[in-house]
2 protein chains.
Amino acid sequence: MTFSEENYLKTIYHLTSVSDADISTNAIAEKMETKASSVTDMLKKLSEKDLVNYVKYQGVSLTDKGKLAAKMIVRKHRLWECFLVEKLDFSWDEVHDIAEQLEHIKSEKLINKLDDFLGNPTEDPHGDPIPDANGRIIKVEKQLLSEFEKNQIGICVGVKDTSSDFLKYLDKQEIALGSQIEIIEKESFDSSFRIRVGTKEITISNKIASNLYIK
Amino acid sequence: MTFSEENYLKTIYHLTSVSDADISTNAIAEKMETKASSVTDMLKKLSEKDLVNYVKYQGVSLTDKGKLAAKMIVRKHRLWECFLVEKLDFSWDEVHDIAEQLEHIKSEKLINKLDDFLGNPTEDPHGDPIPDANGRIIKVEKQLLSEFEKNQIGICVGVKDTSSDFLKYLDKQEIALGSQIEIIEKESFDSSFRIRVGTKEITISNKIASNLYIK
DNA sequence: AATTTATTTTAGACTTGGCTAAAAATATAT
DNA sequence: ATATATTTTTAGCCAAGTCTAAAATAAATT
């Protein structure tokens with residue numbers, strides 16, 4: 001499988017996890033910052049290889065084979081992210097681009113040994129689940145901070161947006177995975193939140209609250 | 001720089017280290033298992049980028065820029081090999097192909113952090129030197145076992161051939177980096193050697209002796 | 001239901017890196 | 001010095017993956 005094929009599969013996998021319905025050519029093109037015509041070409045190829053179910057003009061979905069392949073790529077991506085953060089001391093906002101390259105390294109033995117070396121983690125540095133060698137995923141109950149009510153208390157277990165900008169903002173506010181967060185007040189006017197993180201009290205916008213997973 | 005360009009640079013670098021003279025198109029083609037015509041095309045491109053000095057029909061050599069680039073690829077390759085052997089517990093005959101992929105990962109920060117994580121090693125698992133971040137290499141005095149005489153004693157510090165077959169043979173004979181080797185007898189007829197490795201006495205062919213570095 | 005708008009596909013072109021076959025240059029041998 | 005052999009380059013073709021522009025289909029609107 002080529003780099004390009006792997007990137008398409010991964011994109012379709014991620015889009016599927018939010019929408020469920022068949023994925024449109026345009027949605028893929030937008031996510032991958034490429035042109036719809038390029039996507040069409042690739043969908044034909046992936047369909048040939050039985051990695052996707054593709055019907056002209058009707059969108060696309062992953063076959064079982066395609067889904068497993070996509071999960072293996074996600075597995076590699078997230079394990080490498082763990083390695084970068086835990087062993088090489090990268091911060092969580094620096095690892096995405098490097099893992100984007102490392103996820104294409106081909107060696108099952110490598111990834112399984114890496115998994116063991118890291119102590120078989122079930123989540124990456126952003127709180128996203130890591131599929132095991134068979135593609136199984138342990139789902140953690142979690143909800144967005146924005147859905148919480150006044151006086152509720154929870155632990156930060158993940159981020160929805162993993163952009164460097166957002167992660168750096170969280171660092172600045174000293175919000176990390178494992179941080180205890182208490183809703184002090186929910187402002188009805190703009191849906192912003194007054195929260196306590198550890199000992200500090202801060203105000204965060206609804207956009208921030210909509211990208212933090214809490215348990 | 002593309003994968004292909006990096007592979008050509010690396011090949012020219014390795015060929016240079018044995019011959020000194022300009023490298024022929026054919027020599028590159030043979031080493032890379034490709035055709036001379038493909039090599040010519042690539043040499044033109046590398047020359048455009050000032051990575052090689054190339055004169056039609058006259059062979060090729062690396063520019064300073066090209067040599068540094070090649071050393072950085074070798075650095076990455078050898079550091080990843082160290083990682084695979086020391087941290088992930090691969091054996092020395094398994095790491096080459098994986099490092100061949102990892103050497104193309106682009107991130108200076110990654111490789112320097114990996115270097116630190118490994119304790120800034122100066123040699124890879126085959127005894128080959130690892131260039132530092134500036135391309136500097138610590139050369140170790142060493143000679144081939146085949147050049148040794150009767151009754152000489154030395155320590156195995158490297159292998160010339162790094163093929164899996166050869167490395168597995170060495171494993172079988174319990175010869176590893178650091179092994180003490182004593183020449184018991186040199187057979188003049190076929191230039192084979194009777195040697196002592198640790199407590200064991202074995203006979204090795206001249207071909208084997210010509211691929212073991214001793215200090 | 002017809003027409004406009006948006007999406008998707010096709011057709012044809014380009015780039016990278018490879019190939020084969022033939023031509024050109026260089027090296028070797030008579 | 002010339003003929004032969006080897007090496008290297010050129011010329012033209014192919015596949016992957018991308019693009020633009022035009023055509024086809026689906027969706028939305030009147």
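Every heavy atom of this structure was used, including side-chain atoms; hydrogens, water molecules and symmetry mates were not. Order of the sequence lines fixes the chain letters, A, B, ..., with proteins taken first and strands second; residue numbering starts at 1 for each chain.
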Have a look at Ser4(B) and say if it touches a base, only the backbone sugar-phosphate, or nothing, with a 4.0 Å heavy-atom cut-off. sugar-phosphate
When you measure from the side-chain N and O atoms of Asn26(B) to the phosphate of dT6(D), is any distance below 4.0 Å, counting only OP1 and OP2? no
For atom NZ of Lys113(B), decide whether the heavy atoms of other residues, nucleotides or ligands shown that lie under 6.0 angstrom number more than 12. yes
Integer-rounded Å distance: dT9(D) C1' and Met42(B) CE: 16 Å
To the nearest Å, how far apart are Tyr57(B) OH and dA27(C) P? 11 Å
Is any NZ, NE, NH1 or NH2 atom of the basic residue among Arg75(A) and Asp115(A) found under 4.0 Å from an Asp or Glu carboxylate oxygen of the other? yes
Pair of N/O donor and acceptor under 3.5 Å linking dT20(D) base with Ser37(A) side chain: yes
N or O in side chain of Thr34(A) less than 4.0 angstrom from dC19(D) OP1/OP2: yes
Could you state the atom-to-atom distance from CG of Asn7(B) to P of dT16(C) in whole Å? 17 Å
Tyr54(A) OH to dT8(C) P, in whole Å, measures 9 Å
Under 4.0 Å: is that the gap between some side-chain N or O of Lys56(A) and OP1 or OP2 of dA26(D)? no
Ignoring backbone atoms, test whether Lys44(A) places a side-chain nitrogen or oxygen under 4.0 Å from the OP1 or OP2 oxygen of dT10(C). yes
Check Lys106(A) with Glu6(A), please: is the shortest side-chain N to carboxylate O separation under 4.0 Å? yes
Quick one: Ile28(A) CD1 to dT7(C) P, roughly how many Å, whole number? 15 Å
Which part of the nucleic acid, if any, lies within contact of Thr25(B), taking any heavy atom under 4.0 Å across all strands shown: a base, the sugar-phosphate backbone alone, or nothing? sugar-phosphate
I'd like to know whether CG of Asp64(A) has more than 12 heavy-atom contacts from other residues, nucleotides or ligands below 6.0 angstrom. no
Separation of atom CD in Gln58(B) from atom C1' in dT9(D), rounded to whole Å: 13 Å
Counting just side-chain N and O atoms, does Ser38(B) come under 4.0 Å of either OP1 or OP2 of dG18(C)? no
Using whole Å, what does the distance between atom C1' of nucleotide dT8(C) and atom CG of Asp41(A) come to? 12 Å
Nearest heavy atoms of Val85(B) and Val95(B), plus distance in Å: CG2-CG1, 3.6 Å
At under 4.0 Å between heavy atoms, what does Phe3(A) touch on the DNA or RNA strands: base, sugar-phosphate, or nothing? nothing
Heavy-atom nearest nucleotide on DNA chain D taken for Lys35(A) and for Ala27(B); more 5' hit belongs to Ala27(B)
Tell me: CG of Leu46(A) to P of dA16(D), nearest whole Å? 13 Å
